Amino acid sequence: MKSTTTISKIKTEFSLQNATSCGGIKIFLAFLEKIKLPEAMCSLSGGKARNSLFPVYRILLYLIVGWMLGCERIFHFRRLQSDVLLRRFLGGRCPHHSLLYKELIRLGRFCPSLVNELRRLNQEIIRPCLPPELILDLDSTVETVYGDQSGAAKGTNPHKPGRKSYHPLLAFEGQSRLNLNAVLRTGNTHSSTDAADFLRQTFRLLDEHKVKYARFDKGFGGEDFYSLWEQHHIGYVGKLKWTQRLAKEVGACRYWTRYVDEEWIIEGICLIYQATSWNKARRVAIIRKAQVFEEGQGRIVFDSDWQYEAMVTNLEWEPIDLWRFYNQRCCMENYIKEAKNGFSIDRIATGDFKANGLDLLIKLLAYNLFERFKRDCCEPVHQGYTIARFRLEFFYCAATLIRHGRSILLKLARDFPSRYVWKRIEVRVAQLE
């Protein structure tokens with residue numbers, strides 16, 4: 001029967017009880033319980049008793065779930081405070097969003113050991129997903145701030161020149177897309193500032209996991225930086241700044257190896273080169289490429305058409321293999337983009353520098369939990385989904401929580417488009433050991 005009632009004549013009332021707009025998050029909450037994350041978080045320090053109204057582990061769990069559900073700022077948690085499913089997951093009540101500000105600042109200022117404990121917890125979570133031999137990708141990113149947050153300073157900011165920012169340093173695993181370590185830095189630091197100390201900390205966290213290869217851009221370098229890789233017997237490939245001194249050395253080279261001879265010509269050569277800041281000479285691979293111009297029956301390439309790229313390495317590979325291996329590092333930009341757009345690491349939570357550093361680790365912990373959840377419980381076609389798409393497909397579903405006899409039932413919308421895939425994911429979560 002076709003309805004002729006206009007929308008304006010439909011009566012409304014706010015009487016629905018025990019409802020949630022994100023009933024699909026149940027599969028992720030069940031996953032957190034299966035891997036015993038709440039129990040692992042109970043051992044974290046925080047200066048509060050476990051029988052307090054909102055102990056530290058509940059605060060951290062609430063933050064993780066909130067970032068998973070798309071909260072970009074702390075005050076966005078207001079919409080989750082009365083969510084019946086989250087309240088049951090957290091033991092009956094959700095903290096007010098203003099308490100989250102206070103707790104982050106308190107934990108950042110007065111619980112310095114919590115940062116390292118979160119890093120160790122992160123390693124425990126990602127350990128089952130790491131390959132036997134790791135590829136460590138190193139990069140930094142700029143997070144613009146719009147206030148007077150402590151630690152923010154004017155530095156290199158390609159998107160908002162002249163604005164204050166933070167400049168966090170990030171390490172990802174190149175095959176599994178997992179974040180290995182992160183640290184928040186002031187905005188006026190260079191990419192390579194404290195990079196050696198950051199790497200030593202990362203090696204300690206990885207413990208028995210072996211880092212076989214490393215990749216980094218031209219923002220990182222220096223004798224101490226390269227020596228650290230060599231001391232740990234790690235093969236590295238890093239971009240090198242194209243200087244006049246290096247260009248002069250390359251200009252004297254005559255015997256180039258041609259690898260591609262199509263619309264683009266790609267040639268390569270290796271040389272032993274020592275920069276002014278290095279204590280010893282190192283192997284440098286040079287790749288040059290140029291687009292071919294067709295003229296009649298001939299092909300013309302001018303000397304001014306060549307584009308040069310230099311990479312410093314300790315690997316005995318061909319230049320073209322080094323170039324292609326390094327270019328796979330560009331996937332890290334997508335990992336950072338996912339952390340920014342999906343988990344809001346560029347949305348600064350508080351005005352306190354240490355609290356913001358703690359918040360960065362919590363958001364990246366949520367990022368890793370999502371990656372492990374996809375790997376352990378989702379079908380291959382869904383493992384490439386971003387968190388934004390995953391929310392729309394599986395998390396955002398109207399539901400009500402009802403009691404039936406002695407059991408509790410979550411009734412989701414009957415016409416939920418992804419209900420069959422959702423049920424298969426739920427089965428996989430239930431089968432986890």
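It should be emphasised that the depicted structure is a prediction, and the values quoted were computed from it without experimental measurement.
Partner of Phe225 under the ring pair (Phe, Tyr, Trp, His ring centres under 6.0 Å) criterion, chosen from Trp278, Phe198, Phe216: Phe216. With Leu107 as the partner, the side chain to side chain contact (heavy atoms under 4.5 Å, CB included) test is satisfied by one option alone out of Leu44, Leu114, Val115: Leu114. Screening Gln328, Arg215, Glu333 for a side chain to side chain contact (heavy atoms under 4.5 Å, CB included) involving Asp137 leaves a single residue, Arg215.
Aromatic ring centres of Tyr62 and Phe54: separated by at least 6.0 Å. Between Phe77 and Trp67, the distance from one ring center to the other falls under 6.0 angstrom. Taking the six-membered ring wherever Trp is involved, the centroid distance between the rings of Phe28 and Phe370 does not fall below 6.0 Å.
Arg282 meets the salt bridge (charged side-chain N to carboxylate O under 4.0 Å, His left out) test with Glu223, Glu230; sequence neighbours excluded.
Taking 4.0 Å as the cut-off between side-chain N and carboxylate O, Asp352 and Arg109 count as a salt-bridged pair. A salt bridge does not link Lys36 with Glu124: every distance from a Lys NZ or Arg NE/NH1/NH2 to an Asp or Glu carboxylate oxygen is 4.0 Å or more.
Nearest heavy-atom pair, Lys363 versus Arg347, reported as atom, atom and distance to 0.1 Å: NZ-O, 2.9 Å. The two residues Ile345 and Glu143 come nearest to each other via the heavy atoms O-OE2, 2.9 Å. Residues Phe416 and Glu393 share a closest heavy-atom pair of CZ-O, 3.2 Å. Closest approach of Asn122 and Leu180 over heavy atoms only: ND2-O, 3.9 Å.
Tyr213 and Trp317 have perpendicular rings, their planes meeting at more than 60° on a 0 to 90° scale where under 30° would count as parallel.
Residues Leu61 and Pro38 form a side-chain contact, since some pair of their non-hydrogen atoms from C-beta on lies under 4.5 Å apart.
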